[in-house]
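Each residue takes its place number in the sequence, starting with 1. Atom set for the values below is all heavy atoms of this structure, side chains included, hydrogens, waters and symmetry mates excluded.
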Amino acid sequence: MSFNTSSRQLTNTDEEPLEAGPAPEPPAEPAPGDGKTGAEATSRDREAAPEATSGEPEAPVAAPPGDTEAPPQATSGEPETPVAAPPGDTEAPPQATSGEPETPPEATPGDAEAPPPASDDSEAPAEPAPAPAASPTRGWRRWRGWRDKYPVAARTLAWTTTGLSAALVLFALLMPSKIDGFRPAEFARIPVEAIFGAAVLIVLPRKPRIAVAALAGLGLGALTVLNFLDIGFNEYLGRGFNVVLDWTLFGDAQAYLQDTMGKKGALGIVVVVVLIVLAVLALMTLSVVRLGNLLARHTETATRTTLVMAIVWVTCAALGVQFTGVPIASEHTTLVVQDRAERVRNTIRDEAAFAKIAKKDAFANTPPDQLLTGLRGKDMMITFIESYGRSAIEDPVMAPGVDATLTAENEKLTKAGFAAKSGWLTSATYGGSSWLGHSTFMSGLWINNQQRYRTVTAGDHLTLPGAFKKTGAWDTVGVMPGVQKAWPEQKFYDIDKLYDSHDLGYKGPKFSWSTMPDQYALTAFERLVHGKKHDKPLMSTIILTSSHQPWAPIPKTVPQDQVGDGSIYDAIQKAGKKPADIITDSTKSKQEYGKSIQYSVTSLIDYLVKYGNKDTVLVFLGDHQPIARVSGNNASRDVPVSIVAKDPKVLDKIADWGWTDGLQPQHDAPVWKMSAFRDRFLTVYGSTPKP
């Protein structure tokens, strides 16, 4: 019978396996001295043919003296030599194994059938003999793939990957947190953290080394993400990212993106940002692990190099060596981590300290009849113009158009019998988070972060609208087209009736983030509130939003009798610029921002001239400066503020403030913190402090 067996089962094999190489050629003729061919088996043959190993022929087994030489085994891809069965035996078909040469079967006289061929899952012999070591084969080379076939390319790729890993780690260790910090000199420094990290990884055993490297890489990746957040927050809000308070702002950012770019655009950006964050964390972790393994493979060289770099760093630090004004010896990452830890500690301490400050109020116990006695009978309007900052009046790109508008609108006021005085306030926020500016101005407290805002709005600190309401002489109203959902702060501000974006009857298109043009919001205020008969004067808080970024498209003023339900703005919105047209171009952004301020100021003054009277008093201001791309790096946080009235007695009371006549404050006009306005305003208009 014929069957396959492994070479470990051979009883009389005394030859060593052949080395890997081409299969031996089969002999042309049978060996002399025997009349049988190599394809025939005799009754004296009892040795089983060895099983071929995968990918190469098995070495032939030596035949006993007087026997013919056994034929060579067939190699993979060559035809099998048929084997003749001796008389009286039934022929068993040879079993072919996939991709392996077939072992010549051997017939045994007297057997009627062949046992089933051996397979991978067949039962192994009880005590198999050890197999001789096999050298690599063509199959093994194929398994190793292109690395064996193209060793130069493999080495090049390996060193390139290592180089990129080192560059990525060094970039993370030296990365600035502001755009203007990205200079070549910043990346020509020696980070002490890299030296210390290399020393630690060199001395650690394999498993601890990999664990420490992975944790270090993950931490460095997280720090890189935070640095990118710092860059974004400095660019838009003029401050770094607060890891305790600022996570809630991502919801507002997502809403802004959705209003500006649509749901699909916003979703796409969110997905890209998440993928980038995950990629940074993964790549940084893999990079540090790879570099750690490299140090371990070349311990002697790595140790010498680390020691040399440590000596160089200490020398540069001691001598104060610099390159273009930047110290060569860097401890940037250490300082960044320390700064973030200090910010966290300060935030926690500030929360407790501010809670005590918010409970103190100079006018908390002032009787109603001793509040705002100098404004009794006046219709008050406090109006915020979104992103109306000092840069709009003084930046060389925006100032010509804005200044011309302020001059023209001041002339309108003068002809209508109004007068104005203007100064500067330093806002508690920059580039965004308008609610911080609103609450600072209204409460008289410096509210420069989200925790302070939550603390003060959860309490009962007296606000400007609250002071008017407390007298009982005014009804308080809020017109806030930017509010698109529930607004619990209404109670804190003591606003009796709130008109948000859903209450003003607007049927026109949105202008990017702004839900409606300022002209429409003011027209709706007149139709729904101011133009109606009321028993008491109004104290109205109005927030205009058309100058909110991205400043495209911008509404245009239409004839007052054509405003209607806002449908007229459809054509204007479609003809306007798209956010993508200006968002990446600083000059275009400045130009469009300036136009948006001109539109908002014009809409407000047109309303006042048309609907104001001798009892109208308007206080209007910006809530913060625009983002750095528009206002410029290191711009101030100052915003213009103006008080407008027909009654000369109203402006006479602030004559000693030193403010500039008209709507445009002079460059050297007084600058106050925005939180100082409430107490000055209450005091000058007849309120008696009683803490």
In sequence, state the C-alpha distance, the side-chain angles, and the governing distance for S391 and M398, and then conclude on side chain to side chain contact (heavy atoms under 4.5 Å, CB included).
CA-CA 8 Å; S391 298; M398 302 170 287; 3.9 Å; yes

Ring pair (Phe, Tyr, Trp, His ring centres under 6.0 Å) against H548, all qualifying residues, sequence neighbours excluded:
Y256, W513

Between F354 and N449, is there a side-chain heavy-atom distance shorter than 4.5 Å?
no

Residues in side chain to side chain donor-acceptor pair (under 3.5 Å) with Q451, at least two apart?
E351, R454, T455

Parallel, tilted or perpendicular: ring planes of F228 versus F171, cut at 30 and 60 degrees:
tilted

For V397 and K590, work out which heavy atoms get closest and say how close.
CG1-CB, 3.8 Å

Quick one: do K588 and D581 make a salt bridge, cutoff under 4.0 Å?
no

With sequence neighbours excluded, what pairs up with E342 under the salt bridge (charged side-chain N to carboxylate O under 4.0 Å, His left out) test?
R345, R349

For L218, which residues count as a side chain to side chain contact (heavy atoms under 4.5 Å, CB included) partner, sequence neighbours excluded?
L281, T285

Closest non-hydrogen atoms of S439 and I447, given as atom of the first, atom of the second and distance, are OG-CD1, 3.5 Å

Would you list the pairs meeting salt bridge (Lys or Arg N to Asp or Glu O under 4.0 Å) in which at least one residue belongs to residues 303-315, sequence neighbours left out?
E300-R304

Does H332 use its side chain to pair, donor to acceptor, with the backbone of L173 at less than 3.5 Å?
no

Check against side chain to side chain contact (heavy atoms under 4.5 Å, CB included), V671 and T426
CA-CA 7 Å; V671 181; T426 301; 3.3 Å; yes

Could you tell me whether a side-chain N or O of W551 sits under 3.5 Å from a main-chain N or O of S596, the two making a donor and an acceptor?
no

Sub-6.0 Å ring centroid separation between Y520 and Y569:
no

What residues, two or more places apart in sequence or in another chain, satisfy side chain to side chain donor-acceptor pair (under 3.5 Å) together with S546?
D518

Can you tell me how far CG of L283 sits from CD1 of I276, rounded to the nearest 0.5 angstrom?
11.5 Å

Whether the Y453 and S433 side chains hold a donor-acceptor pair (N or O, under 3.5 Å, no angle test) is what I'd like checked.
no

Is there side-chain contact between E386 and L544, with heavy atoms separated by less than 4.5 Å?
no

Would you compute the distance between atom CG of L307 and atom CD1 of I195 and round it to the nearest 0.5 angstrom?
10.0 Å

Can a donor-acceptor pair be found between the side chains of T347 and N242 at a distance below 3.5 Å?
yes

So how far is it from I554 CD1 to I572 CD1, rounded to the nearest 0.5 Å?
12.0 Å

Please examine the side chains of K264 and L267, heavy atoms only from C-beta on, and report whether any two atoms are closer than 4.5 Å.
no

Could you measure the distance from the OG atom of S501 to the CE atom of M516? Nearest 0.5 Å is fine.
6.0 Å

In short, P509 meets G566 closest at the heavy-atom pair CD-O, 4.1 Å

Side chain to side chain, M674 and V639, heavy atoms closer than 4.5 Å:
yes

How far does CZ of R629 sit from OG of S589, to the nearest 0.5 angstrom?
4.0 Å

Counting distance only, does the side-chain N/O of T457 pair as donor-acceptor with the main-chain N or O of F492 below 3.5 Å?
no

Compare all side-chain heavy atoms of L295 with those of L291 and state whether any distance is below 4.5 angstrom.
no

For L223 and M175, what are the C-alpha separation, side-chain angles and deciding distance, and is it a side chain to side chain contact (heavy atoms under 4.5 Å, CB included)?
CA-CA 10 Å; L223 187 63; M175 178 184 179; over 6 Å; no

For Q625 and S636, indicate whether the former's side chain and the latter's backbone hold a donor-acceptor pair under 3.5 Å.
yes

Work out which heavy atom in T440 is nearest to a heavy atom in L436; give both atom names and the distance.
OG1-O, 2.8 Å

Quick one: does any side-chain atom of S177 pair with a main-chain N or O of N227 as donor and acceptor, under 3.5 Å?
no

Show the nearest heavy-atom pair for residues A399 and I393, with the distance to one decimal.
CB-O, 3.1 Å

Can you confirm whether Y599 sits close enough to P517 that some side-chain heavy atom of one is under 4.5 Å from a side-chain heavy atom of the other?
yes

Can you establish whether the number of heavy atoms outside F187 located under 6.0 Å from its atom CZ is more than 12?
yes

For a quick test of reading the model, state the closest non-hydrogen atom pair linking L174 to S330 and the distance between them.
CD2-OG, 3.5 Å

Looking at residues at least two apart in the chain, or sitting in another chain, which of them share a side chain to side chain contact (heavy atoms under 4.5 Å, CB included) with K673?
W446, S675

Any side-chain heavy atom of V344 within less than 4.5 Å of one from I348?
yes

Who passes side chain to side chain donor-acceptor pair (under 3.5 Å) against R390, sequence neighbours left out?
E394, D638, H667

Which pairs count as salt bridge (Lys or Arg N to Asp or Glu O under 4.0 Å) when at least one residue sits in residues 165-177, sequence neighbours excluded?
none

Tell me whether S427 contacts the main-chain N or O of R637 through its side chain, where contact means a donor paired with an acceptor under 3.5 Å.
no

Pair Q450-W435, side-chain donor/acceptor within less than 3.5 Å
yes

Side chain to side chain contact (heavy atoms under 4.5 Å, CB included) assessment of R452 paired with L445:
CA-CA 9 Å; R452 287 191 168 206; L445 296 170; over 6 Å; no

Non-hydrogen side-chain atoms of F233 and Y430 separated by less than 4.5 Å:
no

What pairs meet the side chain to side chain donor-acceptor pair (under 3.5 Å) rule with one or both residues in residues 184-202, with sequence neighbours excluded?
R183-E186, E186-R189, E193-T334

Of all pairs that satisfy salt bridge (Lys or Arg N to Asp or Glu O under 4.0 Å), the ones with a partner from residues 205-230, not counting sequence neighbours:
D230-R340, D230-R343

Rounding to 0.5 Å, atoms CD1 (I328) and CD (Q322) come to a distance of 8.5 Å

If only atom types and distance count, is the side chain of D623 paired as donor or acceptor with the main-chain N or O of Y388 below 3.5 Å?
no

Is there a donor-acceptor pair closer than 3.5 Å between any side-chain N or O of D503 and the backbone N or O of D500?
yes

List for me each residue that meets ring pair (Phe, Tyr, Trp, His ring centres under 6.0 Å) alongside Y493, sequence neighbours excluded, and say none if there are none.
W487

